[in-house]
Colleague: 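Take this structure, written in structure tokens, and hold onto it; I'll ask about it next.
Residue numbers start from 1 in every chain, and the chains themselves are labelled A, B, ... in the order their sequence lines are given, proteins ahead of strands. The structure displayed is predicted, hence computed values, not measured ones.
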Amino acid sequence: MSQADLTMGGHSTTFAGQPPFSVSTKKMAMWLFIIADTATFAACLVAYGFLRNATPNWPKPFHSITNVALMTFILVTSSLTMLLGIRAARAGNKPGALRWTFITAALGIAFALLHIREWLALIGEGMTMFHNPWGTGLFGAAFFSITGLHLTHVTAGVIALIVVGIRYQGGRYKADDLEVLGLYWHFVDMVWMFVVPMVYLLNLTH
Amino acid sequence: MTTAEDHKSGGIGSGLVVYLCILALAAIQFVIAYQNIDGSQMFVRMLIVALVEAGLALLFFMHLWSEKRAFMWSAGIITVFVLLVMQFGWTDSFRISGGVPWAK
């Protein structure tokens with residue numbers, strides 16, 4: 001019996017044997033991170049909703065949905081490619097897993113570039129964190145904070161995809177590690193499903 | 001080779017179906033944005049669609065459906081509770097925008 005088992009009074013099934021809920025430690029850590037990050041994004045979106053509801057001259061600067069529709073399509077598609085990558089890894093198809101993982105990373109980069117292009121266009125129209133030509137200055141702060149937080153997550157995800165992909169190819173990481181990263185990537189996609197209607201579509205000029 | 005998890009979650013076929021469903025739901029959100037309806041109604045409709053999208057992604061893309069039910073319920077209840085607690089301030093935002101109706 002190990003020292004840990006002795007300390008826990010011999011209850012090795014919980015602490016030294018099978019993990020809680022039969023979920024691996026890495027996966028459990030990622031789920032806990034996702035729950036915490038859900039609270040972070042929810043707090044941002046609720047604060048944004050509060051401000052929008054309480055501010056009479058809230059700006060509606062978006063004229064076209066083309067860019068945001070394309071970004072949504074790219075991000076949702078990247079979730080599918082991530083799924084294909086994990087499936088290939090589980091099947092032992094290393095080149096396939098690597099190919100789909102890098103396609104996912106490429107889609108993430110495309111999303112980030114479109115996002116930056118949109119930011120630059122808005123900045124070009126005179127929108128900053130505290131000023132804009134359409135109404136309350138709070139809009140810029142809320143918009144850049146929420147979309148910036150999401151873009152940070154996408155950027156971190158792309159870096160993680162490349163690093164994990166390379167290490168998976170080298171044999172240092174396994175299919176399980178790719179699956180844990182997949183959870184994060186799907187979460188980033190899921191957050192976008194709430195950001196689009198709240199931040200973009202409700203601020204559309206008809 | 002397919003794993004038990006793949007089999008339980010329906011494999012790539014179901015993944016493709018879920019992907020198409022999420023794309024279709026995203027398209028519905030864009031259609032709602034162009035409807036000539038009240039802002040609050042638009043918000044509620046978009047939120048419902050977003051919740052369905054998120055549910056599909058959670059259950060099938062993130063394989064929550066194939067995890068143990070105890071895990072699914074534990075994570076779900078904690079998250080939903082935290083999200084619900086955050087909603088306490090809405091009445092104050094209406095007070096700021098419309099004043100307190102009972103004070104008149």
Colleague: Is A47(A) in contact with chain B via its backbone, its side chain, both, or neither, using a 4.5 Å heavy-atom distance?
Modeller: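 For A47(A), neither part sits under 4.5 Å from chain B.
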Colleague: So which part of M193(A) gets closer than 4.5 Å to some heavy atom of chain B, the side chain, the backbone, both or neither?
Modeller: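 M193(A) touches chain B through backbone and side-chain heavy atoms alike.
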Colleague: Just wondering, do M42(B) and L204(A) contact through their side chains at under 4.5 Å, heavy atoms?
Modeller: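 In short, these two side chains do not touch, never coming nearer than 4.5 Å.
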Colleague: Distance-only check: which donor-acceptor pairs under 3.5 Å involve side-chain atoms of residues 18-39 of chain B, not counting sequence neighbours?
Modeller:
{"from": "Y19(B)", "atom 1": "OH", "to": "T77(A)", "atom 2": "OG1", "distance (Å)": "2.8"}
{"from": "Q29(B)", "atom 1": "NE2", "to": "M46(B)", "atom 2": "O", "distance (Å)": "3.3"}
{"from": "Q29(B)", "atom 1": "NE2", "to": "E53(B)", "atom 2": "OE1", "distance (Å)": "3.3"}
{"from": "Q35(B)", "atom 1": "OE1", "to": "R45(B)", "atom 2": "NH1", "distance (Å)": "3.0"}
{"from": "D38(B)", "atom 1": "OD2", "to": "S40(B)", "atom 2": "N", "distance (Å)": "3.4"}
{"from": "D38(B)", "atom 1": "OD2", "to": "S40(B)", "atom 2": "OG", "distance (Å)": "2.4"}

Colleague: How long is the span from the CH2 atom in W31(A) to the CD1 atom in I78(B), to the nearest 0.5 Å?
Modeller: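 Nearest 0.5 Å value for the CH2-CD1 distance: 12.5 Å.
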Colleague: What part of L51(A) gets within 4.5 angstrom of chain B, counting heavy atoms only: side chain, backbone, both, or neither?
Modeller: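 For L51(A), there is no contact with chain B at all, as no heavy atom is under 4.5 Å.
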Colleague: How many angstroms lie between atom NE2 of H186(A) and atom NE2 of H63(B), to the nearest 0.5 angstrom?
Modeller: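 Answer for the NE2-NE2 pair, H186(A) versus H63(B), is 6.0 Å.
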Colleague: To the nearest 0.5 Å, what is the distance between CE (M86(B)) and CZ (F50(A))?
Modeller: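 Interatomic distance, M86(B) CE to F50(A) CZ, rounded to 0.5 Å: 15.0 Å.
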Colleague: Is there a side-chain contact between F71(B) and M28(A), using heavy atoms and a 4.5 Å cut-off?
Modeller: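 Side-chain contact under 4.5 Å: yes.
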Colleague: Find the distance between CE (M82(A)) and CZ (F61(B)) and round it off to the nearest 0.5 Å.
Modeller: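 These two atoms lie 12.0 Å from each other.
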Colleague: Check whether any side-chain heavy atom of F187(A) sits under 4.5 Å from a side-chain heavy atom of L58(B), and report yes or no.
Modeller: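 When only atoms from C-beta onward are counted, L58(B) and F187(A) do not touch, as no gap falls below 4.5 Å.
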Colleague: If I measure from the heavy atoms of chain B, does V23(A) come under 4.5 Å with its side chain, its backbone, both, or neither?
Modeller: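 Just the side chain, heavy atoms under 4.5 Å.
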Colleague: Is any side-chain heavy atom of L51(B) closer than 4.5 Å to one of F194(A)?
Modeller: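 Heavy-atom side-chain distance check passes, below 4.5 Å.
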Colleague: Select one option (side chain, backbone, both, neither) describing which atoms of F73(A) are under 4.5 Å from chain B's heavy atoms.
Modeller: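 Both backbone and side chain.
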Colleague: Specify the closest pair of heavy atoms between A39(A) and V82(B), including all atoms of both residues, with the distance to one decimal.
Modeller: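 Taking A39(A) first and V82(B) second, the nearest heavy atoms are CB-CG1, 4.0 Å.
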Colleague: Select one option (side chain, backbone, both, neither) describing which atoms of V191(A) are under 4.5 Å from chain B's heavy atoms.
Modeller: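 For V191(A), no heavy atom lies under 4.5 Å from chain B.
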